[in-house]
Amino acid sequence: MTPNDQPLSIGSPPLTGPALAAFFSRDAVVVASDLIGSRLTIAGAGGRIVETEAYRPDDEASHSFRGPTARNAAMFGPAGRVYIYRSYGIHWCLNFVCKAASAVLIRALEPESGIEDMIRRRGVANFIDLCNGPGKLTQALGVDISLNGLALDAAPFEIGMAEPVPVVAGKRIGITKNVEPLWRFGAVGSRFVSRRFP
DNA sequence: CGGTGGATCTTCT
DNA sequence: GAAGATCCACCGA
């Protein structure tokens, strides 16, 4: 296990209530960028968000593009809740719902707390591989469909806003439609992203 | 290190 | 019936 040589951003206030609603009731592209550097924990396990992607209703790659279904119902609900879905029959993916059937996919975290829980759930000892991908991240944090639709300002979630950090944008990963928009965002220079940015 | 193929199953056509 | 917002093992360089 490699040591974490990044300073912890302790002391960022939890984002709750009207402030949380205001933050997420915006375009997913803006929210996805603003989330970089913030802190997410679920039942005490989590860290700094270093990679996100935005998905919008006018976006052919988005689950909400063809309207509401049983699966994507949470995307059409209030902003500031989570949308969770099964990916490739195997993994869970975690999204934060934003304005008007848009959402932000949480793709990578820099682990900070609950490291032992993450290692146990992931079954790997390599620190860098704990949360550097959307499926790995949900496995490390114990996320499954039972959390779908829950609000982000109540247990087991905690969101903390951090000081702004430099952000880089790139093309989204793993999609085949609407591939051109630069709606993937990452913390500049982070070693904890799922893939390097060009 | 980069590319490739299999796993696995829900969702929508 | 096919595709999919992924991960991992394995191959070759």
Side-chain angles (χ1 to χ4, degrees), chain A residues 1-2 24 27-36 40 42 49-77 79 81-111 118-149 152 167-187 189-198:
Chain A
M1 183 166 107
T2 53
F24 284 105
D27 190 287
V29 174
V30 178
V31 175
S33 177
D34 284 356
L35 276 173
I36 300 300
L40 165 70
I42 301 178
I49 295 175
V50 295
E51 183 183 347
T52 59
E53 282 178 0
Y55 289 87
R56 311 195 327 180
D58 61 349
D59 164 19
E60 206 175 353
S62 173
H63 289 176
S64 61
F65 181 71
R66 297 182 193 282
T69 65
R71 176 177 68 162
N72 66 19
M75 281 189 81
F76 290 85
R81 299 192 183 184
V82 301
Y83 164 49
I84 296 165
Y85 67 91
R86 183 79 94 169
S87 172
Y88 288 91
I90 302 170
H91 313 284
W92 299 107
C93 283
L94 172 66
N95 298 258
F96 296 166
V97 177
C98 301
K99 177 183 182 177
S102 65
V104 173
L105 171 68
I106 310 302
R107 288 193 55 94
L109 291 183
E110 176 180 337
M118 295 185 193
I119 291 173
R120 174 175 49 79
R121 287 189 283 243
R122 284 278 295 132
V124 301
N126 187 351
F127 187 72
I128 213 85
D129 282 333
L130 289 178
C131 295
N132 62 343
K136 300 179 191 179
L137 179 157
T138 53
Q139 185 182 27
L141 271 53
V143 169
D144 64 25
I145 196 64
S146 69
L147 300 178
N148 187 38
L152 275 167
V167 173
V168 61
K171 293 182 181 179
R172 295 177 293 180
I173 293 177
I175 58 172
T176 57
K177 300 166 187 166
N178 199 21
V179 298
E180 286 305 319
L182 304 182
W183 288 347
R184 172 182 178 237
F185 301 94
S190 174
R191 306 174 357 256
F192 297 90
V193 295
S194 64
R195 285 193 209 171
R196 287 279 153 83
F197 285 77

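These numbers come from the heavy atoms of this one structure, side chains and all, not from hydrogens, waters or symmetry mates. Note on naming: letters A, B, ... go to the chains in the order of the sequence lines (proteins, then strands), and numbering restarts at 1 for each one.
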Testing B:dT13, C:dT6, C:dA5 for proximity to the side chain of A:His63, the answer is C:dA5
- request: Would you please confirm or rule out a distance under 4.0 Å between OP1 or OP2 of C:dG4 and any side-chain N or O of A:Thr176?
  value: yes
**Report entry** Close aromatic pair by centroid cut-off 6.0 Å: A:His63 and A:Tyr55
**Finding:** no
A:Phe197 six-ring face occupied by A:Arg184 cation (under 6.0 Å, within 45°)
yes
Taken to the nearest whole Å, CD1/A:Ile173 to C1'/B:dG3 is 16 Å
Side-chain atoms of A:His91 come closest, of B:dT8, C:dT6, C:dA5, to C:dT6
Sugar-phosphate, base or nothing in reach of A:Arg195, heavy atoms under 4.0 Å:
nothing
To the nearest 0.5 Å, atom CH2 of A:Trp183 lies from atom CD1 of A:Ile175 at 9.0 Å
Worksheet entry | Base of C:dA5 paired with side chain of A:Tyr85 (donor-acceptor, under 3.5 Å) | yes
Distance below 4.0 Å between A:Arg66 side-chain N/O and B:dT11 OP1 or OP2: no
A:Glu53 atom CD is separated from C:dT6 atom P, nearest whole Å, by 7 Å
Of A:Leu105 and A:Asp129, the one whose closest nucleotide on DNA chain C sits nearer the 5' end is A:Leu105
For DNA chain B, the expected dot-bracket line (Watson-Crick or G-U under 3.5 Å, [ ] crossing, | inter-strand) is |||||||.||||.
Ionic contact status for A:Asp129 with A:Arg122, cut-off 4.0 Å = no
Tell me whether the side-chain N/O atoms of A:Lys136 come closer than 4.0 Å to OP1 or OP2 in C:dC8.
yes
Looking across every strand, which nucleic acid part, if any, lies under 4.0 Å from A:Thr69 by heavy atom: base, sugar-phosphate, or nothing? sugar-phosphate
Regarding the side chain of A:Tyr83, the nearest nucleotide among C:dG4, C:dA5, C:dC8 is C:dA5
Side-chain atoms of A:Arg107 come closest, of C:dT6, B:dT8, C:dG4, to C:dT6
Checklist line | Any side-chain donor near an acceptor of the partner, A:Ser190 and A:Glu110, under 3.5 Å | finding: no
Whole-Å distance, A:Trp92 CH2 to C:dG4 C1', equals 15 Å
**Asked** Should the pair A:Glu53-A:Arg172 be classified as a salt bridge under the 4.0 Å nitrogen-to-oxygen rule?
**Response** no
Margin query: At 4.0 Å (heavy atoms only), tell me whether A:Arg71 reaches a base, stays on the sugar-phosphate, or touches nothing.
Written below: sugar-phosphate
With a 3.5 Å cut-off and no angle check, do the side chains of A:Thr52 and A:Arg107 form a donor-acceptor pair?
no
*asked:* At 4.0 Å (heavy atoms only), tell me whether A:Ile175 reaches a base, stays on the sugar-phosphate, or touches nothing.
replied: sugar-phosphate
To the nearest angstrom, the CD1-P distance between A:Ile128 and C:dC7 comes to 15 Å
